[in-house]
Amino acid sequence: MTREELISLVATLVPDMKPGANKQYPEVIVTAAQLHELAIALKKTPETTLDYLFCETAVDRKDGFHMIYYVSSSVLHHSLMIRVVIPDKLNPVIPTVSDVWRAAEFYEREIFDLFGIKFENHPNLKRIFLDDDWVGYPLRKDYKDTFTIER
Amino acid sequence: MGIEIKSMAYEDFNDNEALEELQKSGSGVFMSSLESLMNWGRSNSVWPLTFATSCCGIEMMATGGSRHDFARFGIEVYRASPRQADVIVVAGTIVRKMAPVLKRLYDQMADPKYVIAMGACAVSGGPFYYNSYSVIRGVDQVIPVDVYIPGCPPRPEALLYGVMQLQRKIKARSSTKEVMPEPIQKQKETVEPVMPISESAPSTQATPPQTPAP
Amino acid sequence: MEDTVVDIDLKEKEEYIINMGPQHPSTHGVLRFETCLQGETVKYLIPHCGYIHRGIEKMSESLTYPQLIHLTDRMDYLSAHINNEAVSLCVEKAMGVEVSDRVKYIRTILAELTRIASHQLWWSAFGMDLGALTTFFYGLRDREKILDIFEESTGARLLQSFITPGGLMYDVHPNFQKRVTEFVKYFRKKLPEYDQLLTDNIIFRERTQGIGYMSLEDAIEFGVTGPSGRGSGFHCDIRKIEPYSAYPLVKFDEITFDVGDTYHRYLVRMKEMWQSLSIIEQLIDGIPQGPIMLELKAIKAPKGEYYQRVETARGELGVFIVSDGAPSPARIHYRTPNFSNLFIINKISAGHKIADLVAISGSLDLVIPDIDR
C-alpha cells in the first residue's frame, strides 16, 4: 500500500488521528487510549498485516514523552510510524502492546528501565539493564547523579 | 644482569630499573637456586581464566590463534574455573553490575595470583570515561592490578609483551623475604572515590532526581 | 502471555536452579542464564543481561556526529564497519547529501568483508563450543587475512571507525584491489574445507538437527532477524527490502530455509559466505574514481526524526536520530539485532538437554555488548 492509502486507512479506523510530518515513513499521531485498538486492527486487517514491530522507543521532549512505534509487514513490506504523546512527565502511563506484538514485551522493559514510563497490563515490568535497586531513570534529561564525570 | 626472558633482549624492555631495584632490595640476599627454579617454573606456565567482557576478548582469542600463538609462552590452556587459574586477564569494560562478580572471581582464585588489565577500558575506563553513568573507571578500583596494557584494542603483540612483563615480575619474586613486587592501587586525586564494592552493600550512588512540587 | 516467565518457581521433584554465567566460556560474553533444570532437561530459563551496559545512548547526546561513530564500533564489534555505515547513512539522509560512487563501492566491499570475517569467527567459536577445537584454528587463520587487508587500508584490525558521515576517513591503500582479489581466490579454495570438517560430520549433524526449532510465527513475533530468522523462513534481508550503498547494483540470493532448526541456521551462514564472495567479485574490479569526502561546512542534521535500517552480520540494525538542528543529537536510539534475537531462547530451548542449550545459543550467534549497548 502506498503512503496515502495507509494514512487514509488509519483515518477510517481512528477518526480523530492526526498525520505527522515525517518524510521517510508515513506517520500517524494517536492518543494513548486509542493505541491498543489501533494496534489490533492494523495486525488483523488483511490489506495491511502489520505484524512485525521493528522498533519501539521513547523520546524525552519538552511537551512530554513521545512514544514512537515503527511497524512493518513481513509479506507486503510496507511500514508505518505511530506516535503517542504522554504529556504527564511525573507519572507517565500508557497501555502495553505486548499482547499484539510480542517483541514489545522487551522493548517496553527497556523503556521502563531507562525512562520510567509504566505500561498497563504488561506481564513482567521489571528493570532489565540496571541493578534492581538503582534510583532514578538515566535517560531522562533531568537525571543527575554523583557517579558520572561530566565533560 | 638480572631477569632474563629468552625471546626478548634485555634492552627492549622499558622498565628495567624498577624491577632490578625491586630484586636488589632484598638487601643483598641472593636468591637460592631452589627459588629460582620455582620462579622459573611458575613464570613459564601461567594459566589464565576465561574472562572476556567485550571487544578486547576478540583480540585475546586472536592471540591464541595460530599466527600469534601464545601457547609458546606457557599459556597452554584456559581454565574455566577460577580455582585452577593463575592469572585473570580482564579484557573489556567493567560496569557497576559486573563489579561484584569480578571481585568474587578474584577472591576465589588461589595464591599466587596475578591480574593483567588489558585494554583502555580496564586500565582507566577508556572511551567511556566521560558522561557514562555505569562504567567503572579502571578495574584497579575493584581488584589490585599487576600489568597494564594500553590500546583500544591492544594488538596481539602488545598482549604478548604484557605477558612477558608479568613473567619478569614473577621471576623477581622472593618468597623468603616476602619481597613480592606489590601491585599498585591507583591514587584517586580529583575523582570522588567510589565506595568499595562488596556483595553486601548496595552499589548505587545515584541521588533521586528532584521532582518539582505538584 | 502464557509463557512469560517472571520468576523461577520450583514445583516438581528433582527441579533445581543452575546459573550459567556471567563468566562462562561458552556464553561468548557476559550473559547470565538462570535455568530451571529437571535432571538434565531444561524446563525453562530466564536470560539476564545488563552486565556490560555502558550507557552509549546517553553518552552520545553530548558528542557530535563524527565523534559518536567511534562508540558505535564498540557495540557489535564484529560488524564494526556496518555499524559505522548505519550512522553515516542516517546522518547523510538527514542532511540530504549523497556520497560519490567510489565511496559507495568501497563501503559495500568493506561491509561484505566484515560479514565474512564475522561468520568466520562465529564458525570457529561454534565448533569450539561443541568440542571440535580444530575449527578454532582454521577460522582464525583465515580471518587474519581479512584483518591484514583492514589494517593496511584503515589502520586498525578490529575497531576501525573508517566510515564517517560524508564519506570515508581517508582513501584506501593502492594495493587494496590486488589484496582483495587474492583473498577471494584463496578463500574460495578454503571454504569447502569448512564443509568437510563440520557440515558433513555425523556427530555434528546428530547434535544440531532437530534441536531448537523456531517457527516462522515466533520469528516474526519476537522480531528475530538475520540468519537466525532466515533459517525459519522469514524474508528479512534489508539488503533486498530497502537497499542502500552499492547493493542495487549487484546480484545475489537471499538464503532462507523453511526448517528452523539449529542445523539450518548454521547452513544459512555458510551459504551467506559464498554470496558475499560473489558480491565482492562483482564490485572489486570496477571501483570508479572520485572524491572520498564531501565538502561539508558543518555536520548538523536539520530538525526532525530520521531512521536508517542496515543488515549487519547478525540481523537488522536500526538507527533512530532525533535532531534539534544542533551538532549533537537530542536523542539517538539503536535498535540492535541481538536484543531481539536473545529473548526467543526460552521458547526454543525448553525441553532440550543442557548440552543442547550451548548449541542453540551458539547458533543464534549473540554478541553481548550489542544487547546492552
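Given the structure is predicted, the values throughout are model-derived calculations rather than measurements. Order of the sequence lines sets the chain letters (A, B, ...), proteins ahead of strands, with each chain counted from 1.
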**Q** Given heavy-atom pairs under 4.5 angstrom as the criterion, report whether the side chain, backbone, both or neither of A:S79 touches chain C.
**A**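 Contact with chain C is through the side chain of A:S79 alone.
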**Q** What option among A:H66, A:E150, A:E110, A:R127 has the most heavy-atom pairs under 4.5 Å with chain C?
**A**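 Ranked by heavy-atom pairs under 4.5 Å with chain C, first place is A:E110.
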**Q** Counting heavy-atom pairs closer than 4.5 Å to chain A, which one of C:I344, C:I52, C:D372, C:T225 comes out on top?
**A**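 So the answer, after comparing C:I344, C:I52, C:D372, C:T225, is C:D372.
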**Q** Checking C:R54 against A:F129: charged group under 6.0 Å from the ring centre and within 45 degrees of the axis?
**A**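 Judged by the rule, C:R54 and A:F129 form no cation-pi pair.
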**Q** For A:F54 together with A:Y70, are the ring centres under 6.0 Å from each other?
**A**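 Yes.
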**Q** To the closest 0.5 Å, what do you measure between CZ (C:R331) and CZ (A:R61)?
**A**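 The CZ atom of A:R61 is 11.0 Å from CZ of C:R331, to the nearest 0.5 Å.
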**Q** Check each of A:D142, A:D60, A:D63 against A:K89 using the salt bridge (Lys or Arg N to Asp or Glu O under 4.0 Å) test, and report the only one that passes.
**A**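 Option passing the salt bridge (Lys or Arg N to Asp or Glu O under 4.0 Å) with A:K89: A:D60.
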**Q** So what's closer than 4.5 Å to chain C heavy atoms on A:Y25: side chain, backbone, both or neither?
**A**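 Side chain only.
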**Q** Return yes when atom NZ of A:K43 has more than 12 non-hydrogen atoms of other residues, nucleotides or ligands closer than 6.0 Å, and no otherwise.
**A**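 Result for NZ/A:K43: enclosed.
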**Q** By a 4.5 Å heavy-atom criterion (distance strictly below it), what part of A:R83 contacts chain C: side chain, backbone, both, or neither?
**A**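 Only the side chain of A:R83 comes within 4.5 Å of chain C.
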**Q** Chain A: which of C:H48, C:R373, C:E57 shares the most heavy-atom pairs with it under 4.5 Å?
**A**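 Max contact count across the listed options: C:R373.
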**Q** Are there more than 12 heavy atoms of other residues, nucleotides or ligands under 6.0 Å from atom CD of A:E37?
**A**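 Open: at most 12 neighbouring heavy atoms sit under 6.0 Å from CD of A:E37.
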**Q** Checking A:L53 against chain C: side chain, backbone, both or neither under 4.5 Å from a heavy atom?
**A**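 Nothing of A:L53, per the 4.5 Å heavy-atom cut-off to chain C.
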**Q** Please classify the contact between A:N22 and chain C as side chain, backbone, both or neither, with a heavy-atom cut-off of under 4.5 Å.
**A**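 A:N22 touches chain C through side-chain heavy atoms alone.
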**Q** What part of C:F339 is in contact with chain A, defined as an atom under 4.5 angstrom from a non-hydrogen atom: side chain, backbone, both or neither?
**A**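 Contact with chain A is through the side chain of C:F339 alone.
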**Q** Counting only heavy atoms closer than 4.5 Å, note whether A:K23 contacts chain C via side chain, backbone, both or neither.
**A**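 No part of A:K23 comes within 4.5 Å of chain C.
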**Q** For chain C, which candidate among A:A58, A:S72, A:A104 shows the most heavy-atom pairs at distances under 4.5 Å?
**A**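 Highest number of pairs under 4.5 Å: A:A58.
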**Q** Which answer fits C:D218, side chain, backbone, both or neither, if we ask what part of it has an atom under 4.5 Å from a heavy atom of chain A?
**A**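 Neither part, no heavy atoms under 4.5 Å.
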**Q** Could you look at C:Y51 and say if it's the side chain, the backbone, both or neither that has a heavy atom under 4.5 Å from chain A?
**A**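 C:Y51 has no heavy atom closer than 4.5 Å to chain A.
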**Q** When you measure from the side chain of C:R265 to the backbone N and O of C:G231, does any donor-acceptor pair fall under 3.5 Å?
**A**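 Absent.
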**Q** Atom SG of C:C36 and atom OH of C:Y44: how far apart are they, to the nearest 0.5 Å?
**A**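 So the gap between those two atoms works out to 4.0 Å.
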**Q** Using non-hydrogen atoms and a 4.5 Å limit, figure out which bit of C:S340 sits close to chain A: side chain, backbone, both or neither.
**A**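 Only the side chain of C:S340 comes within 4.5 Å of chain A.
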**Q** Go through the atoms of C:I220 and report whether side chain, backbone, both or neither lie under 4.5 Å from a heavy atom of chain A.
**A**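 For C:I220, backbone and side chain are both near chain A.
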**Q** Who among A:E56, A:H77, A:M81, A:E27 has the most heavy-atom pairs with chain C under 4.5 Å?
**A**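 Winner by heavy-atom pair count: A:H77.
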**Q** Under the 6.0 Å and 45° cation-pi test, does C:K240 pair with C:F252?
**A**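 Cation-pi check for C:K240 and C:F252: passes.
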**Q** Among A:D145, A:D113, A:L130, find the residue that satisfies the side-chain contact (heavy atoms from CB on, under 4.5 Å) test when tested with A:P138.
**A**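 The residue from A:D145, A:D113, A:L130 that satisfies side-chain contact (heavy atoms from CB on, under 4.5 Å) with A:P138 turns out to be A:L130.
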